[in-house]
Every structure is written in C-alpha cells, then in structure tokens.
Amino acid sequence: MGSNLVYKILKKHLVNGELKAGESIGIKIDQTLTQDSTGTMAYLQLEAMDIDRVKTKRSVAFVDHNMLQQGFENADDHKYIETVASKHGIYFSKPGNGICHQVFLERFSTPGDTLVGSDSHTPTAGGVGMLAMGAGGLDVALAMAGKEYYIKAPEVVKVNLTGKLNKMVSSKDIILEVLRRITVKGGVGRVFEYCGEGVKELSVPQRATITNMGAELGATTSIFPSDERTLEFFKAQGRAEDYIELKADEDANYDLEITIDLNELEPLAAKPHSPDNVEEVNKIGKIKVDQIAIGSCTNSSYEDLMKVAKILKGKKVHKDISLVIAPGSRQVMEMIARNGALADIISSGARILENGCGPCIGMGQSPKTNAVSLRTFNRNFYGRSGTLSAKVYLVSPETAAVSAISGVLTDPRDYEVDFSDIHVDKFIIDDSMIIKPASINEDVEIVRGPNIKPFPLNVPLGKSLEGKVVLKAEDNITTDHIMPSNAKLLPYRSNIPYLANYCFSTIDEEFPKRAIDNGGGFIVGGENYGQGSSREHAALAPLYLGIRAVLVKSFARIHKANLINSGIVPMTFENPKDYEKIEPMDSLTFDNIYEEIDKGILTAKNISKNYTFKVKVELSEKDIEIIKAGGTLNYNKGM
Ligand code: MIC
Ligand code: SF4
C-alpha cells in the first residue's frame, strides 16, 4: 500500500520513534517562525540554551501582534526580538511587513520541508505542501537549537474535494464545512490531507485559508499537495526554484476519509462563540450587523482583498456599519494600492488598518456593547474581541463585503460580481523589511527593556501531590479563557508575574487570588481543555500561581505539550463521570505519584468527599522524565 503525503514527509524527517499512528516520534525541523507575542519568551528560552547560532535551515522572527505602542513595552520587545534574532542568525520581519503566516507563505514557505512556529496557525504553510505545526515557544526554541520536535504520529484524514465551488462561495466555506462535521475537538491527533479534483480549482492563498483554519479542528496540521497551482504561486512570487512536486501515492492509505462536494456547498458562518457552530448564511437569516472586520491570517491575501474591493467598488458601506480592513502583508497592501483597489475600498467608507493581526487578537476595534460583528477571522471565542457581550460570526470575505453594503448578514450569491480578472502572474516583490541576520563575526548587542522579566521555573515532582481544586471549568476551555489577550494585556507577554493577575479573568476574576491563598493546587476541566492559541503563557501563568496538575476529560495538543514543558502534570479522568463528583475547593491527594506516573494510571483521593478514583497520565517516557524534573528547562539542565 502506498503512502500519503503526510507520512512521506514524516519519513524523510524521522529522527526518533516508530512511524505508527499514536506513537511518540521526534522529527527534524527545517524551518521555524516566531511572532512577537510568543517570541520574546521563545528567545529568552533560546538564550538560556546558550547556543550561538540557530541550527535550522532558516528561522524567521515576525512582529505582527503587539503593534499598538501605547507605552514603551511593545517597542522595547520589538527591539529585543530584532537584536536577539540578528545575533542568533535569524531573519527579522519588521512591524508593518505583515502577519507572520501570510508573509511566510509569500516569501519563505517550501514544499516538503518541516516548520514549527510559536503560533497555532503555523499550518497555514500547509497550503504549499509544507508540514507546518504550531507549538509553544519553548518547543520552537528547542527546534532552533537543533533538537527534534516531538509529536504523536498522527492519523491522516483524507478530505476529498469533488466538483467546483459555485460563484461567491469560497474556500472559507470549505473549512467551515469541515469544522461543522469534525468539530473543534475532532482533529486532535490527526492531520487533514486535501485531495481530489476540487484541489486543482483552488489557488495557494485559497488553500492556505483552509490549512490555516484547520488549527480550529485541534489538528496537528493540514496539508495540500504541491502541484501546478503551487508552481504558479511560486512563479508569481519569483521563487520558482523553491517548487517541487509533491503528492500522495495513488493507492495511499488513510485512517479516515470525508468527501465535500463543492457544487453543493453554500456560504456558511460560524455563529458565536465557537468556530464549529456552523450554519448556512441563508438559514441564519438577515440579522442586523454593527461591525465587520476583514483580515487576519485566514483571509487577508491579495486575492481576498481584491474580491472585497470588487464588491465594494462604487458602493457605500451601510450607515450603521463600521467596516475595518487589515491587509495581511505589505505586499498585499502595496499591490492593492498600486492597482487602485485600495482607493475603491477607501471610497466605500471602510477604515484601513495596518498590516497585522489587529482586531483578531483584540488589538483595538473591540465592537460596541451587544454588537453583532462579522469577521473573516478564524476564532470567535467568547471575549476574544475584547467585548464580552459581543456576538462574533466568522464568514468569508465575500459574505463580509456584501453584508457591509446591505447592513445585514447577506448571502453573497445575492450579488453578481465578476472576479475573473483578479489573477496576477507577478506579485510585487520587495523584501526590504526582512532584515538579514548579522554575520557570525559581527558583534550584536541584545537590547532588553525593563518589561522583560525572568520566566517561572517549576520544582521537581515530589513523592506525592496534594492541594485544592481551585477552579472547576467546563468543556472547550480556550487559551483565551486561561490567559486572555487584548491591547491591555499583550504588552506583558514577557512579564508572567503581571499577566498571572489576569489568569482566567474572563470567567473567574477571583481565580489568581484563590490560587495564591491556597498555595496553588489543581484545575479541573472538561473536554478539549486548552484549545486555541499556542501561547505557553496559558501554562506559565498557572505555574506562577502554584498549579501543579490539570485534571480534565481531554486536552488540546499544543496546550498539553506546554503543560508538560512547564512541569505541570496533565491528567485525564479514567471515567469521565468522576468529573461530575468533584466540586470546587475539594481537597485531592495523589499519594504515590512519583512511582505511579511511570504506569500511566494514578490513584487520586478526594479527601473532602472521602472516595478514591483513577486518573490517566498519557505521557511518553521522555515526557515522564520532564515532568519528574519539573519541566523541560530543568530537564535539559540535568542532562
Ligand atoms: C491567536 O490567534 O490566538 C494568537 C494570538 O495568534 C496565538 C498566539 C498568541 O497567543 O500569542 C496563537 O494562535 O497561537
Ligand atoms: Fe494573528 Fe489572528 Fe492569525 Fe493569531 S489568528 S496569528 S492573532 S491574525
């Protein structure tokens, strides 16, 4: 039986372990990326590893998240990243050059290579056939230091695309359909490989919308073959030499197969507050809209913005709507500026933002109280927009643009717009905002602002663990719940003591104080705990507050890895019904954890309610060593 594309790439990069779904494997990483809000921490960790130059083929540091410079903090962090990158042989993409995933796709993506990035949407580069995965900053730092990256060898899901998209239906609708079927937790431990005749219909930016938002499935990554459409993209980017053809064998094996008939697909929207809460735009109906935001790493390509410009041309944004648009990169912005599309957008009444994440991460443009906000983004988690009462719907650029004119959620098929002349053979190429690293002999001074505080370190695991359940949470807790991000908090991503005061603040403001008053303790949660962002701050802030273990029904992949790196024990209920029995502030003990952890099953005692129950600790041998040492940094020191 032949091989699928995912296992072909894995096989080429395998350093450790057996290539069998579910087994822990270590793979060689060719390239890395960081962005600023997770990057400062990653580079502090890289510095702690004491290596002179990165060992990867190429590493790139982007600044795209913390772009509001209301105080010195963000600007200081930008300078730190620029200098630490230069010293260690890392390219630096300046603020204003664009969103990491969009710029990486345009200028660095390479079919067949492996990539880890300190951002959960790193799989965007899967749009050109790269095996690209999101990770915590520490794992990215380790990859830069030349260490292999550990994942569970995935199950591979074949997503068979048949037919052809109807007019005004887009690749955003494809991934929303996948989310509707698979859900935000259905992708854990899996990679989604796109195949079938429908693939040929999709350009690289359209494919990248799908691989980008595959992150919302909880998937390890998503990937497309590298074919003539990929070559067309690389030629237009002046990088034809980076192209290689890549595809699955004819008789490739898959663990699961789903088929999406593109002919049948309708414009879709993800309703509040989850990317898998998907319904047809038509069925949701013409609800009144207050704000529309177009951009983010999901939908901010040249093609996306040209479609938006064509829809808006000669029209005016509805009087009750605030339309904001953030192009994904300087390349996109310059192209639409030069061909006049930007003028059409401006003339319609849209507000233009700089090239960056912007409203997607709550960096401004929080909607008004109780607002309905349509966004072309990838996440509509509760509170993420910065307005707790807002209702965010995720839609395609086409749906967003037509709704901006009508003032209500509108099926874009109601409008007839011709997109046939959008294609370009050549993008504008200007890499002057990508700064090459210093040469080995140059002396670079690393500039550190006062905002950068040391990261917390755990202590080795003792014989037993005891403490109180200082928080009991529901299913699908996101890292935006655990460690919220917004314009006020993002400047403190290198200051865990400060950030920790806001841990879980969207759902329980008393949590930090309660954790400290009780000397730390345990967090209990439901299914898919820690979905969303790769931010390791969602592990480091609880660590700082004394949390020693998190006990849930199931974990999201990257967050579980971040907990392990922090030395916090990730536990799951053997019997999910035991979740119901535990109440907040119950006292739990794990009497023999140091020995039992090797067997993967622990005996827990609920002292307050006087019963015992079993919990599972699903860890590789290496993970167990890491937990025993009190986290990855302590583990590495001991080696
Ligand atoms: C996000 O989209 O949630 C972020 C902000 O890009 C995060 C990274 C972060 O928290 O800094 C992600 O997706 O990993
Ligand atoms: Fe930036 Fe939003 Fe993409 Fe995260 S999801 S990288 S915040 S644009």
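Small disclaimer: the values here were computed from a predicted structure and weren't measured.
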Which heavy atom of [X] sits nearest a heavy atom of [Y], and at what distance?
X    : Y    : result
I568 : A539 : CD1-O, 3.5 Å
V184 : N528 : O-ND2, 3.4 Å
I482 : A538 : CG2-O, 3.5 Å
Y194 : P225 : O-CD, 3.2 Å
V6   : P154 : CG1-CG, 4.3 Å
I223 : T211 : N-CG2, 4.0 Å

Can you confirm whether the side chains of [X] and [Y] place a donor and an acceptor under 3.5 Å from each other?
X    : Y    : value
S59  : T56  : yes
Q331 : Y302 : no
N212 : N378 : yes
S170 : Q206 : no
S37  : Q35  : yes
S439 : E442 : yes
T110 : Q31  : yes

If you measure from [atom1] on [X] to [atom2] on [Y], what distance do you get to the nearest 0.5 Å?
X    : Y    : atom1 : atom2 : value
K172 : F377 : NZ    : CZ    : 8.5 Å
K247 : K8   : NZ    : NZ    : 8.0 Å
K55  : L142 : NZ    : CG    : 12.5 Å
R493 : D77  : CZ    : CG    : 11.0 Å
R384 : S485 : CZ    : OG    : 7.5 Å
D119 : C297 : CG    : SG    : 6.5 Å

With a 4.0 Å cut-off, would you call [X] and [Y] a salt bridge?
X    : Y    : result
K622 : E625 : no
D227 : R207 : yes
E398 : K307 : yes
R180 : E177 : yes
D113 : R58  : no
E216 : R379 : yes
R190 : D255 : no
K158 : E193 : no

Q.
Tell me which pairs pass ring-ring contact (aromatic ring centres under 6.0 Å, His included) where either residue lies in residues 96-128, with sequence neighbours left out.
A.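 For residues 96-128: F104-F108.
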Sub-4.5 Å side-chain heavy-atom contact between [X] and [Y]:
X    : Y    : answer
V157 : E257 : no
I258 : N160 : no
L165 : I174 : yes
I627 : Y635 : no
T122 : M133 : no
M333 : S300 : no
L33  : V116 : no

Got more than 12 heavy atoms from elsewhere within 6.0 Å of [atom1], [X]?
X    : atom1 : result
K426 : NZ    : yes
D251 : CG    : yes
E241 : CD    : yes

Q: May I ask you to decide if K57's main-chain N or O and D30's side chain share a donor-acceptor pair within less than 3.5 Å?
A: no
Q. With respect to L176, which candidate in D276, V278, V395 satisfies the side chain to side chain contact (heavy atoms under 4.5 Å, CB included) definition?
A.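 That would be V278; it is the only one of D276, V278, V395 passing the side chain to side chain contact (heavy atoms under 4.5 Å, CB included) with L176.
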Q. With respect to D139, which candidate in N565, T32, N562 satisfies the side chain to side chain donor-acceptor pair (under 3.5 Å) definition?
A.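 Output: one option passes, namely N565.
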Distance-only donor-acceptor pairs under 3.5 Å for side chains of residues 38-48, two or more places apart:
{"residue": "T38", "atom": "OG1", "partner": "S118", "partner atom": "O", "Å": "2.6"}
{"residue": "T38", "atom": "OG1", "partner": "S118", "partner atom": "OG", "Å": "2.7"}
{"residue": "T40", "atom": "OG1", "partner": "S494", "partner atom": "OG", "Å": "3.4"}
{"residue": "Y43", "atom": "OH", "partner": "T34", "partner atom": "OG1", "Å": "2.6"}
{"residue": "Q45", "atom": "OE1", "partner": "L138", "partner atom": "N", "Å": "3.2"}
{"residue": "E47", "atom": "OE1", "partner": "Y80", "partner atom": "OH", "Å": "2.5"}
{"residue": "E47", "atom": "OE1", "partner": "R448", "partner atom": "NH1", "Å": "2.7"}
{"residue": "E47", "atom": "OE2", "partner": "R448", "partner atom": "NH1", "Å": "3.4"}
{"residue": "E47", "atom": "OE2", "partner": "R448", "partner atom": "NH2", "Å": "2.9"}

